[in-house]
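Presented below is the structure to which this report refers.
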There are 2 protein chains.
Amino acid sequence: MNAEIVTIGRELLDGSRSDTNTVYLGSRLWALGTEVVRSTTVPDEPAAIEDAVGRALEAADIVITTGGLGPTSDDRTKHVVARLFARKLVLDEDVLARLYAYFEELGREMPEINMSQAMIPEGARVIMNTRGTAPGLVLEKDDAVLFSLPGVPSEMRAMVENYVVPFLEGRGLVRLVQERVIRTTGIPESTVAERTGDLARKLIRTEVAYLPSMTGVDLKVVARGDTPAEAARTADRSAERLADRLGSYVYARGGESIEKVVGYLLAMGEATLAVAESCTGGRLGWRVTKVPGSSDYFLGGVVAYADELKKRLLGVKAGTLKRHGAVSAEVASEMAAGVRKKTGASYALSITGTAGPGGGTAEKPVGLVYVGVAWERGERVSEFRFPGGRGQVRERAAQAALDSLRRVLLNIEAP
Amino acid sequence: MNAEIVTIGRELLDGSRSDTNTVYLGSRLWALGTEVVRSTTVPDEPAAIEDAVGRALEAADIVITTGGLGPTSDDRTKHVVARLFARKLVLDEDVLARLYAYFEELGREMPEINMSQAMIPEGARVIMNTRGTAPGLVLEKDDAVLFSLPGVPSEMRAMVENYVVPFLEGRGLVRLVQERVIRTTGIPESTVAERTGDLARKLIRTEVAYLPSMTGVDLKVVARGDTPAEAARTADRSAERLADRLGSYVYARGGESIEKVVGYLLAMGEATLAVAESCTGGRLGWRVTKVPGSSDYFLGGVVAYADELKKRLLGVKAGTLKRHGAVSAEVASEMAAGVRKKTGASYALSITGTAGPGGGTAEKPVGLVYVGVAWERGERVSEFRFPGGRGQVRERAAQAALDSLRRVLLNIEAP
């Protein structure tokens with residue numbers, strides 16, 4: 001079985017919005033063993049939608065459209081779909097009831113304009129929208145099935161997970177490929193490739209893709225088998241051999257985020273964490289608290305953007321700031337120790353650096369970052385020099401700080 | 001003139017990579033007054049590439065392809081393009097010399113495999129690659145022009161800026177459309193549409209698109225004119241009339257982020273800001289410090305994720321926590337007052353809420369958030385109930401806090 005994706009909306013073609021739906025759908029369909037053979041983006045114009053969806057229905061077994069189901073006048077998908085399947089639009093009482101309930105929960109009256117969302121092509125299955133107002137639609141024709149989903153990513157994703165995936169599994173789609181994502185940080189792509197390239201080429205029924213990003217290099221390990229179990233075994237074996245080549249630079253073998261890995265290690269040790277951030281402005285705390293349940297180990301911390309607050313809230317000494325400057329190993333050390341003392345956390349993590357665009361000097365250039373880790377019996381301060389602009393330096397600093405903590409928690413050396 | 005984009009690469013269809021080239025090209029073409037009427041993504045397969053590029057050349061005046069020009073065997077675009085234009089591939093000495101020079105600069109010998117990159121469809125214009133090895137190609141047929149560019153975003157962008165844009169300007173492309181982006185927050189899309197829909201339909205030579213996101217609704221106002229200046233005047237006038245309908249929900253008329261708007265207002269008033277965050281874990285500080293130069297007004301703050309830290313670092317009273325709970329107007333108020341006192345900031349902003357997935361009760365459900373603003377002569381606390389999961393609640397809470405501060409700084413009421 002193969003699939004086509006049609007994403008609808010002028011905002012995807014004029015640079016206003018990036019099309020995140022295609023990458024998500026591609027990944028979910030891929031996980032079901034289905035190849036996406038084409039993805040087309042068209043504006044909210046009936047003729048363009050009809051051409052793209054019509055062609056997709058001819059070429060593919062599964063067609064998924066996103067966008068164009070909202071209540072405003074530029075949302076045309078439903079009318080086109082009804083025409084392509086030769087159906088009338090009829091009022092669906094269940095959808096209408098759901099719309100009323102949705103607005104009632106919000107404590108608002110339903111605007112007139114939303115009424116049109118309860119009109120459904122006759123005989124279509126409806127996927128209820130648990131996060132918004134536009135219902136999804138399922139229609140079948142010959143051997144092809146069409147899923148017409150809203151364009152808002154969170155609404156679309158909920159429908160895919162709760163309906164589209166189970167539906168396709170019900171049709172017998174089985175995953176004969178399995179993937180493992182090995183995640184590394186602190187090691188450049190060329191070094192990753194040099195260390196693993198020969199092995200990656202030799203591995204049986206396994207493909208390896210290198211996916212570098214701002215915060216590290218992922219290895220996507222894709223294994224095939226004659227059964228799902230065999231594919232899984234091959235994937236595990238291949239991932240293990242590759243990960244062994246990369247040693248302590250690997251922080252996850254199952255695609256987990258580094259904040260999740262660190263959270264797991266803290267929870268395992270019944271430890272707590274506090275943070276002291278300067279140039280990252282809160283990024284570290286935000287990332288740590290992305291993990292549901294992080295309140296079990298994360299206490300909080302201090303954002304000491306101004307030097308005055310480094311003294312007032314963290315107890316950094318005026319003399320240290322004066323002698324070494326705010327961006328220094330000494331200040332990173334005092335920040336970590338300070339926040340640990342103020343909060344009573346078992347571990348403390350600090351960041352101080354120059355993110356730019358201004359503020360760099362020959363001695364302390366933009367990209368220079370110090371990370372401190374403090375715990376009951378020790379401390380570790382590391383220096384980093386990151387390339388890139390303000391956004392990149394700040395993101396890389398947060399990543400390096402989380403990795404420094406991971407290394408301390410696992411009792412492995414700094415890289 | 002209209003345009004089509006064809007992006008090539010299986011990694012764009014299986015969820016490995018998001019297609020950032022389309023959004024970039026869409027925005028650059030739009031700025032030249034050219035509408036992208038379709039964008040297609042196909043895998044590195046000659047038949048799929050030929051179908052997509054062939055169709056694009058029939059439908060559009062300008063076709064841009066990205067990807068499939070590298071030296072590896074899955075890079076097929078050049079062969080397909082040569083066939084579509086009925087050209088032979090011939091060795092281009094200039095490209096070959098450039099390839100040798102490229103590898104010499106890197107201090108490496110040129111791999112055999114890269115030789116193929118010097119083969120060019122006969123008569124094609126070549127765009128030299130200043131950042132990599134794959135040259136870009138320009139071919140013309142009837143009234144259509146094809147630009148075939150590499151898939152690596154930085155290489156592709158350099159070619160667009162240094163060659164494609166000047167080439168199209170040479171063909172007389174002028175921007176006869178102008179856009180303004182009106183940004184709103186705190187008002188649902190349907191209400192925005194109801195308030196502005198009749199006006200949006202009446203406005204002369206202006207189109208309005210509604211772009212909802214997790215943190216608000218943007219109105220993209222696109223105006224046309226017979227000259228660029230006339231288009232700009234129409235855009236300004238239309239944007240002003242639309243914004244008037246939306247009153248204080250509008251925080252920007254030129255597409256600026258709310259953290260930039262708030263930063264501008266603080267800097268104008270020579271004021272400073274500190275934050276006290278609970279459920280957002282640092283998001284507020286991170287967003288405020290995204291703005292370069294934010295150190296002029298942002299001091300820092302406290303992330304008080306654990307209740308103990310609300311007491312220790314912010315001076316929230318144990319009795320208040322006990323009587324009203326951590327998620328309460330009273331605690332938001334004491335958090336804001338506390339961080340203002342600790343930091344000496346002129347304005348303080350606080351957030352406390354239940355982000356989920358756990359922790360919700362009937363009385364204090366997931367999504368309940370309180371925002372506090374404190375300043376020398378007053379305070380304001382607002383209650384919000386946000387839909388969505390943990391990520392959405394936290395992002396919306398940060399947005400609502402920034403908007404609450406904006407409203408205080410502008411001396412306008414809470415919504």
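To find a chain, count down the sequence lines: A is the first, B the second, and so on, and within it residues start at 1.
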Quick one: what part of A/L12 sits under 4.5 Å from any heavy atom of chain B, side chain, backbone, both or neither?
-> backbone

Pick one of side chain, backbone, both or neither for B/D307, based on which atoms fall under 4.5 Å of a heavy atom in chain A.
-> neither

State whether A/R157 and A/E161 are salt-bridged, where the test is any N-O pair (Lys NZ or Arg NE/NH1/NH2 against Asp/Glu carboxylate O) under 4.0 Å.
-> no

Quick one: what part of B/R10 sits under 4.5 Å from any heavy atom of chain A, side chain, backbone, both or neither?
-> side chain

Pick one of side chain, backbone, both or neither for B/R38, based on which atoms fall under 4.5 Å of a heavy atom in chain A.
-> both

Quick one: what part of A/Y102 sits under 4.5 Å from any heavy atom of chain B, side chain, backbone, both or neither?
-> neither

So, the part of B/Y24 with a heavy atom under 4.5 Å from chain A: the answer is neither

State whether A/W286 and B/R394 meet the cation-pi test: NZ (Lys) or CZ (Arg) under 6.0 Å from the six-membered ring centroid, and within 45° of the perpendicular axis.
-> yes

Which atoms of B/E207 approach chain A - backbone, side chain, both or neither, heavy atom under 4.5 Å = side chain

Quick one: salt bridge (charged side-chain N to carboxylate O under 4.0 Å, His left out) partners of A/R108, sequence neighbours excluded?
-> none

Contact part of B/D14 toward chain A, heavy-atom cut-off under 4.5 Å: side chain, backbone, both or neither?
-> both

Chain A heavy atoms under 4.5 Å from B/W30: which part of the residue, side chain, backbone, both or neither?
-> side chain

Could you pull out all residues at least two apart from B/E179 that satisfy side-chain hydrogen bond (donor to acceptor under 3.5 Å, both in side chains)?
-> B/K220

Straight-line distance of B/E4 CD to A/T40 OG1, nearest 0.5 Å | 9.5 Å

